[in-house]
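Only one structure is covered here, and it is reproduced in the block below.
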Amino acid sequence: MESNIKEVVYIVYMGDNAKLDIPTTTTLPLHVDMLQNVVGSSNIAQEPLLLHSYKRSFNGFAAKLTEEEAQKMAGCGSSFLSNLHKKNGWCGKQKLHTTRSWNFIGFHENVKRSTVESDIIVGVIDTGVWPESASFSDASKIIGARYYRISEPFIKGEIKSPRDSEGHGTHTASTAAGNLVSKASLFGLGSGRARGGVPSARIAVYKACWSTGCSFADTLAAFDDAIADGVDIISTSLGPSSPDDYFRTPVTIGAFHAFRKGILTSTSAGNDGPQFKTITVFAPWLLSVAATTIDREFVTKVQLGNQKIYEGIVTNTFDLKGKFYPLIFAGDAPNRTAGYDESISKTCKPGTVDHNLVKGKIVLCDGTTGYGAYFAGAVGVILQSRPVADVLDPLPMPASCLGLDSGNSIYYYITSTRNPTATIFKSTEDIDTLSPYVPSFSSRGPNPVTPNILKPDIAAPGASILAAWPPIAPVSDYPGDDRVASYNVISGTSMACPHATGVAAYVKSFHPNWSPAAIQSAIITTAKPMSPDLNPEAEFAYGAGQIDPVRAPYPGFVYDATELDYIEFLCAQGYSTKLLQSITGHKSSCSSKTNYGALSDNLNYPSFALSSSNPNSISGVFNRTATNVGSPRSTYKAKVIGAMKGLKIKVNPSILSFSSLGQKLSFQVTVKGSIHHKSRVSASLVWDDGTFQVYIVYMGDKPKLDIPTTTTLPLHVNMLQNVVGSSNIEQEPLLLHSYKRSFNGFAAKLTDEEAQKMAGMAGVVSVFPSGKRKLHTTRSWNFIGFHENVKRSTVESDIIVGMIDSGVWPESASFSDAGFGPPPKKWKGTCQGSSNFTCNNKIIGARYYHTGRPFVKGEIKSPRDSNGHGTHTASTAAGNFVSKASLFGLGSGTARGGVPSARIAVYKVGSDDISDDDILAAFDDAIADGVDILSVSIGGPEDDYFRDSISIGAFHASRKGILTSTAVGNDGPGPKTIANFAPWFLSVAATTIDREFVTKVQLGNQKIYKGIVTNTFDLKGKFYPLIFAGDAPNRTAGYDESTSKTCQPGTLDHNLVKGKIVLCDGTTGYGAYSAGAVGVILQSRPVADVLDPLPMPAACLGLDSGNSIYYYINSTRNPTATIFKSTEDIDTLSPYVPSFSSRGPNPVTPNLLKPDIAAPGASILAAWPPIAPVSDYPGDDRVVSYNVISGTSMACPHATGVAAYVKSFHPNWTPAAIQSALITTAKPLSPDLNPEAEFAYGAGQIDPVRAPYPGLVYDATELDYIEFLCAQGYSTKLLQSITGHKSSCSSKTNYGALSDNLNYPSFALSSSNPNSISGVFNRTATNVGSPRSTYKAKVIGATKGLEIKVNPSILSFSSLGQKLSFQVTVKGSIHHKSSVSASLVWDDGTFQVRSPIVVYAIYY
């Protein structure tokens, strides 16, 4: 009997390592001596009583004791006995708490990573690991492994090594720190790239868990070694079966000693939810992690014999091929031989159902696993286990889990049908639009031991997680399941825990010296809030919310805590001084005044929980200390969000101002009031410092100093110092760029508050965030009448065209300098070249800008263009003559720019997201370098002329005699979509040319349809199977026909479309390309517009043709088609404005017509870098020197070329004069093709031949623009800062008056009352035509009811340069029309000076 009693294993926990002058390995004799004193035996070594001695990281041992001996041991000296839940003869067991997930929480593969991530060691205490998995392929990946089997014998099938035969440990280790592994899936489900949170980190494995569980003794032994081995983070997806004292739970004990050594332990909250107080691991020194869903769910459909379909869950890998089987309710098949009735058999527990009744059938069960049906030979199982189907891992047979409503419907079908049948389909992937939420299994708080410590801390993905799996472990965790998988999909807080582990390791890699509490705080305070609507338990379900890996390394400040803080906390929990001295080895003592709960509130924890026995009288005070880890100088303001009525939450102080990193500031939170009859309420405390972002501080004109302008830098530094309060600006990367060559200002990192302060400083015009801009993406010159042999100026080669864009490919033939002399003497720029970039006498200068952000993979650190956009625009504006240029034979001819002899200066500001601060830096240099014309095919949102980088830059360019040509944007055809609309630059819309690329599609029925797309591929007339994209959804990824028909990437099933031509409703067909289609037919709009090259054979048809092809597919057994290579045809309707080109009216100044002009921008052939993909699609490996693309980006450089051409004849003309010449000589376009009329094309199609000879110009000076800005509401002080002038705005100026009277070459009048129109325009014409000339006014196209008068109607000039003024009066009604158009033409018999007139309703 005695031997039986001694089979009980106890852990004797003694706290800190023994403070001896001999190695800790000699604690073994101490443990033996203690055991001898208690058991009364002198021969301990012969009796296997001492099972393990904990000596490396803390002090204690595991031993076989009787209950009486255990009691004696508990009273030995300073020892502390953990009698841990005796169960089945053992000391106690921990339970295992059983990838798109990383992407779902915003942690993408290309996230910024620390250079020392590979030095991080993640310790995983679990079931071991399968080292051969691709997730652990590197020989230096798993750097250590141990296994423990202290308290029980090995059983059959268990592997006596760290090798994992269960799967749990392999899964968690790969989730935390596994390698990147592509094409991972569970039999095709969840397919994608599997990876851990820190793929470069190392892994140390501690196998403490076996098929029978994780013994307390083994778990503590694993902690003992892991701490001493030197891991950085510990991951333990296990916990006790029920909550207990902090020092009677091995995970809590181990984590405490890990914390003392600087190691954070991440633990799972448990799988016993959704009831309250089911959380089992909740000590404040460890991270307690709940589980959330991700936006991918596996849907398993059940179809009944009556054809009704029900959707359920379960990751079902089996495919019944649509075959129907008999269907039976488990309650109708009890195993009565074994003594079970229908009340038990309906649950389908093992042994409860009669195999004679269920064999070969599908069984409807009320249980959660259906194992009993599997054991009895069922074909499949339908589970109806809960009101709302949650998540369920793979079962060993075809299965689906339905909600109770669906289950009841199936039960009714069974009972009302003679021969009920059903089939179960293989799972497909769907999108869970409600995610993230906490599934029912995840254990809930509140903290059962310390109510005022909020637990769980955080939530992380734990539902249906794909990760590595041993091939010997059953997929469904059921011994009879013989499926072999390398990756498996399982759920549990065990899966959430390693996600948090990975994030903690990620934070540690950036901050290796941060304490565990600091890392824990960073993870908690940066979490994304979750919705209590989906989880009524709120924070008791998800803690602070969904983990956010990207923000976690940058929390701003942290709530740090030391070992002494936790000792104070434990004192407050009632632990004695003697006990705590044993645990810690410290001599500190608990105060006699300490009372339970007081210091649990005051532990410096990053969350706040307050419990009360009286909900009508709530009172609590929390003391916290914040440590600054963000910006050295920063000011945080407290915001309490969501506090309910009747509950006051005050923060004192409410502002924390830090002056250095590491500085600590304290505050107090007071909670007082009532929560009435609610069981709990939630709120949040947010400390906000406004967050650093890049602001542009624009200061107008260059300072008038007697010293070089380069000395504005100290001025900018001084201003920054005054605002941020730091004397060490240059050491802090705050000042990013100083604009000093052409205008005054700088770009700096500021908080919102600092930006507000800066805006109030003397000399500051505006302060605005540096936003992101978009690039707006050759018969064209001939089409607009600008032939090769056109008359050219002798000084064209002195014209310098500045291109602010994505750079240039200097080796292109379009930029050869053969025949060019040296750069013009006026040139002051430079070539910011490198070993891979040189300028020449064509490209005379080049710079690049990349301020305040890191370079990413693929970006070239030079002015070289890898995107293509900048090369294309530069060659369109000023490229050389290059014969036989084409795109694989399409568009063949001589490529050239508008001014082939001109020079080019390149200012590379980026390829995709282009920052305002870089754009302003480019303008600053270009103006000072001496360019003559600027071309900017870039745009973005604009709401104020002097809070916009392009508008500011162009204004200062205009002041220096430089016209800026800009693209209006590609966001049409909606109204007010125009970007770039200030009056001092040229706003250019796009038009088509008379060449179009026609692509024919021939069907198997021999019918041919004509479409567009510049298609360079030739299928040689071969026919391929034809399929509609809506009939090929990628259901595995969760898409249905409503999504797949658009052919977006990932939406199509490659098995269904591979080798076929696909009919799509979308605009690009990229999804068909990535799925392996041969070609694509797009039906994307009522009238086929323009479409640039795609990476496969393609045609774009109108909807009528598309519908005909769709009918053919649905009415033909084996539909086929072929797509021919494009041919060139004549577009007889051109020119017209394509749909993409952005439209007016002007959203800021309604009475200023924009766009100004239209130029060719559709299917334009121009130079291209050989490294840039033709179709702008990464998989496209075609290499070309010239490409055909479309966009207002292509129109802009046409206008740039014409402006440069005019400049070459009239080098002394102002930018406004050149702009006027382009506008008044434009060819009118037809409103029949563009109902938006002038809001689509401005004055019309640009005419390069007439542009140098306008007859009259509407000139404007800087003072004219100042008057215009006065009318817009800008103050005198502000305008004096911008210009440096002493002129002032008249007090009589009112908004709108002078915007009408700006001497602009077009007329726009808006009115809120279309039945009562009235407006007067004052204009002045400057004679640039014949010295003696008489012009007569003609108003053309005025609508009935609208009177337009010109006074005087005759202008007689006697000399060149003479100025004469006139007035245009508009009066009447436009009735119910939204807008009407007319034009004013001044005609002297030689020159016709035409200006558009637009009258429109303001609601338009």
Side-chain angles (χ1 to χ4, degrees), residues 776-777 780 783-784 937 939 942 965-981 985-994 996 1085-1090 1131 1133-1164 1190-1196 1198-1199 1219 1222-1247 1304-1310 1340-1341 1343 1374 1377-1383 1394-1404:
H776 292 156
T777 312
S780 57
F783 175 64
I784 55 177
S937 291
E942 181 180 344
S965 173
T966 66
V968 298
N970 298 332
D971 297 316
K976 287 190 179 181
T977 49
I978 186 172
N980 301 326
F981 43 76
F985 54 60
L986 189 67
S987 306
V988 188
T991 59
T992 58
I993 61 174
D994 63 347
E996 63 180 356
R1085 48 193 82 131
V1087 178
D1089 212 358
V1090 291
D1131 184 350
L1133 294 177
S1134 284
Y1136 55 89
V1137 179
S1139 61
F1140 62 75
S1141 187
S1142 293
R1143 267 63 169 176
N1146 189 318
V1148 170
T1149 309
N1151 290 0
L1152 185 75
L1153 179 63
K1154 290 285 176 169
D1156 292 309
I1157 201 86
S1163 300
I1164 305 300
S1190 305
T1192 55
S1193 282
M1194 284 62 256
C1196 170
H1198 278 91
Q1219 183 177 3
L1222 268 59
I1223 292 172
T1224 61
T1225 58
K1227 296 175 182 176
L1229 288 171
S1230 171
D1232 295 336
L1233 297 175
N1234 289 109
E1236 311 91 351
E1238 286 79 7
F1239 294 144
Y1241 45 69
Q1245 175 86 305
I1246 199 166
D1247 188 340
Y1304 211 66
S1306 60
F1307 303 83
L1309 180 61
S1310 61
I1340 301 172
T1343 184
I1374 61 174
K1377 293 182 180 180
S1378 58
S1379 66
V1380 298
S1381 303
S1383 59
R1394 176 183 164 274
S1395 295
I1397 302 172
V1398 180
V1399 180
Y1400 70 102
I1402 200 70
Y1403 56 76
Y1404 177 80

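What you see is a predicted model, and the numbers here were worked out from it, not measured in a lab.
Here the side chain of Ser1142 pairs a donor or acceptor atom with the backbone of Asp971 at under 3.5 angstrom. Using a distance-only test at 3.5 Å, with no hydrogens or angles considered, a donor-acceptor pair links the side chain of Asn970 to the main chain of Thr1192. Judged purely by atom type and a 3.5 angstrom limit, Asn1234 has no side-chain atom pairing as donor or acceptor with the backbone of Ala1240.
Scored by the side-chain hydrogen bond (donor to acceptor under 3.5 Å, both in side chains) test, Ser1134 finds Thr992, Asp1131 as partners (sequence neighbours excluded). Scanning for side chain to side chain contact (heavy atoms under 4.5 Å, CB included) contacts around Ser1395 gives Thr1224, Tyr1258, Phe1307, with sequence neighbours left out. Residues forming a side chain to side chain contact (heavy atoms under 4.5 Å, CB included) with Ala1195 (at least two apart in sequence, or on another chain): Val988, Ala990, Ala1159. Residues passing the side-chain hydrogen bond (donor to acceptor under 3.5 Å, both in side chains) test with Ser987 are Lys1154, sequence neighbours excluded. Listed by chain and residue number, Ala1237, Tyr1241 satisfy the side chain to side chain contact (heavy atoms under 4.5 Å, CB included) test with Pro1231 (two or more places apart in sequence, or in another chain). Qualifying side-chain hydrogen bond (donor to acceptor under 3.5 Å, both in side chains) partners for Thr977, counting only residues two or more places apart in sequence or in other chains: none. Ser1141 pairs by the side-chain hydrogen bond (donor to acceptor under 3.5 Å, both in side chains) definition with nothing, not counting sequence neighbours.
Taking every heavy atom of both residues into account, Val968 and Pro1155 meet most closely at CG1-CB, 3.7 Å. Across all non-hydrogen atoms, the minimal contact from Pro1305 to Pro1396 is O-CD, 4.0 Å. Annotation for Leu1153 and Asp1156: closest pair O-OD1, 3.7 Å, computed over non-hydrogen atoms. When all heavy atoms of Lys976 and Pro1145 are compared, the closest pair comes out as CG-O, 3.6 Å. When every heavy atom of Ile1157 is checked against every heavy atom of Ala1226, the shortest pair comes out as CD1-CB, 3.4 Å.
Two residues are said to be in side-chain contact when any heavy atoms from C-beta on lie closer than 4.5 Å; Pro975 and Phe1239 fail this criterion. By the 4.5 Å heavy-atom criterion applied to side chains, Arg1394 and Ile1340 are not counted as neighbours. Side-chain contact check for Pro1160 versus Thr991: some heavy-atom pair is nearer than 4.5 Å. With a 4.5 Å cut-off on side-chain heavy atoms, Ser965 and Cys1196 count as touching.
Annotation: salt bridge (Lys or Arg N to Asp or Glu O under 4.0 Å) contacts involving residues 1134-1152, sequence neighbours excluded, comprise Arg1143-Glu1236.
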Q) After noting the C-alpha distance and the side-chain angles of Phe981 and Leu1152, does the key distance pass the side chain to side chain contact (heavy atoms under 4.5 Å, CB included) rule? A) CA-CA 9 Å; Phe981 43 76; Leu1152 185 75; over 6 Å; no
Q: Just do the side chain to side chain contact (heavy atoms under 4.5 Å, CB included) check on Leu1222 and Ile1246 with the steps written out, would you?
A: CA-CA 7 Å; Leu1222 268 59; Ile1246 199 166; 3.9 Å; yes
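For the side-chain contact (heavy atoms from CB on, under 4.5 Å) with Tyr1400, the lone residue among Ser1379, Ser1378, Ser1381 that qualifies is Ser1379.
In the model, Tyr1304 has no side-chain atom that pairs as donor or acceptor with a side-chain atom of Asn1151 under 3.5 Å.
To the nearest 0.5 angstrom, Ile1164 atom CD1 is 4.5 Å from Ile993 atom CD1.
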